[in-house]
Amino acid sequence: MKSYKLALPSVEDAWRRDRSLQALSGALSHQPLVWMLGLPGAGKTTLAAQWVRQAQGAGRTCIWYRLDEDDEDIAALFDALRQTAGAADLPAWSPAHGTEPERFARQFFAQWLEAHPSGLTLVLDDCHRLGAGSGFLAWWTRWWTWRAAATGACRS
């Protein structure tokens with residue numbers, strides 16, 4: 001896997017936005033998915049990287065993944081995410097999963113989260129590189145929306 005895809009951007013010289021960091025922390029404490037939208041150069045990547053540094057300092061496992069055009073292929077993306085898992089024994093994508101990606105994703109992420117009992121944060125940066133008509137982004141949003149609804153239903 002290309003190492004730049006997992007490299008957390010340097011934020012040491014960036015201006016800290018404490019109120020934005022608190023807002024992001026608050027949002028993540030209430031829901032499993034936060035989607036940051038903004039104009040290019042608004043600071044979305046910097047804010048997320050600052051939050052990740054802060055979370056890692058508190059002992060949370062965080063994985064930074066920079067998307068690019070190659071990640072439109074869901075098999076390649078799952079393979080790349082599988083490689084970030086270290087010793088965790090995660091299922092590998094196969095062509096047989098192509099008809100039921102949601103089922104595979106449930107199994108994959110359940111095992112991935114199980115390998116990180118103290119929590120896991122996955123940051124997907126540069127989503128715009130996949131394009132507006134991205135099948136992956138549509139699938140990802142649909143899957144996490146379902147997951148958030150299922151999590152909320154379990155809490156009530």
Side-chain angles (χ1 to χ4, degrees), residues 1-11 14-15 17 20-21 23-56 60-86 88-116 119-152:
M1 179 187 341
K2 303 168 192 165
S3 62
Y4 76 90
K5 292 178 76 63
L6 298 173
L8 184 63
S10 175
V11 292
W15 180 53
R17 297 179 291 181
S20 296
L21 286 166
L24 182 54
S25 291
L28 286 165
S29 70
H30 292 94
Q31 54 201 24
L33 175 67
V34 172
W35 196 282
M36 291 195 295
L37 300 171
L39 295 171
K44 301 174 299 292
T45 295
T46 300
L47 178 64
Q50 287 176 337
W51 185 90
V52 165
R53 291 260 188 237
Q54 184 175 294
Q56 287 174 328
R60 185 166 185 86
T61 301
C62 299
I63 295 172
W64 188 274
Y65 190 82
R66 187 168 294 159
L67 291 165
D68 63 27
E69 296 78 8
D70 294 338
D71 294 312
E72 184 65 44
D73 175 9
I74 196 168
L77 179 60
F78 273 115
D79 184 54
L81 292 176
R82 189 170 179 258
Q83 291 177 40
T84 69
D89 186 25
L90 297 174
W93 178 272
S94 75
H97 296 115
T99 59
E100 295 184 285
E102 287 87 357
R103 185 175 187 192
F104 176 80
R106 281 194 298 271
Q107 178 186 9
F108 181 91
F109 286 113
Q111 288 180 12
W112 204 25
L113 293 171
E114 190 176 293
H116 298 89
L120 173 70
T121 298
L122 171 63
V123 176
L124 298 176
D125 191 26
D126 289 339
C127 293
H128 66 280
R129 295 191 186 276
L130 296 182
S134 170
F136 167 75
L137 288 179
W139 171 84
W140 182 263
T141 306
R142 190 173 58 249
W143 189 83
W144 275 107
T145 302
W146 168 87
R147 172 89 169 114
T151 302

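Since this is a predicted model, take the numbers as computed values, not measurements. Heads up: numbering here begins at 1 and tracks the sequence.
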With Trp93 via ring-ring contact (aromatic ring centres under 6.0 Å, His included) - residues at least two apart: Phe78, His97, Phe104
Counterpart residues, side chain to side chain donor-acceptor pair (under 3.5 Å), relative to Thr45 (two or more places apart): Asp125
Under-4.0 Å salt bridge between Arg66 and Asp126: yes
Interatomic distance, Leu90 atom CG to Leu81 atom CG [nearest 0.5 angstrom]: 9.5 Å
Shortest non-hydrogen contact from Asp68 toward Arg129: CA-CB, 4.0 Å
Spacing of Arg106 atom CZ and Glu100 atom CD [to the nearest 0.5 Å]: 8.5 Å
Residues in side chain to side chain contact (heavy atoms under 4.5 Å, CB included) contact with Ala55, at least two apart in sequence or another chain: Trp51, Arg60, Cys62
Any side-chain heavy-atom pair of Pro40 and His128 under 4.5 Å: no
Test side chain to side chain contact (heavy atoms under 4.5 Å, CB included) applied to Ala14 - qualifying residues, sequence neighbours left out: Val11, Thr46, Gln50
Sequence neighbours excluded - salt bridge (charged side-chain N to carboxylate O under 4.0 Å, His left out) pairs with any residue from residues 38-53: Glu12-Arg53
Atom of Arg17, atom of Gly43 and distance for their closest heavy-atom approach: NH2-O, 2.7 Å
Residues in side chain to side chain contact (heavy atoms under 4.5 Å, CB included) contact with Cys127, at least two apart in sequence or another chain: Leu67, Leu124, Leu137
Atom pair CZ/CG of Phe109 and Leu122 - distance to nearest 0.5 Å: 6.5 Å
Any Leu6 side-chain heavy atom under 4.5 Å of Tyr65 side chain: yes
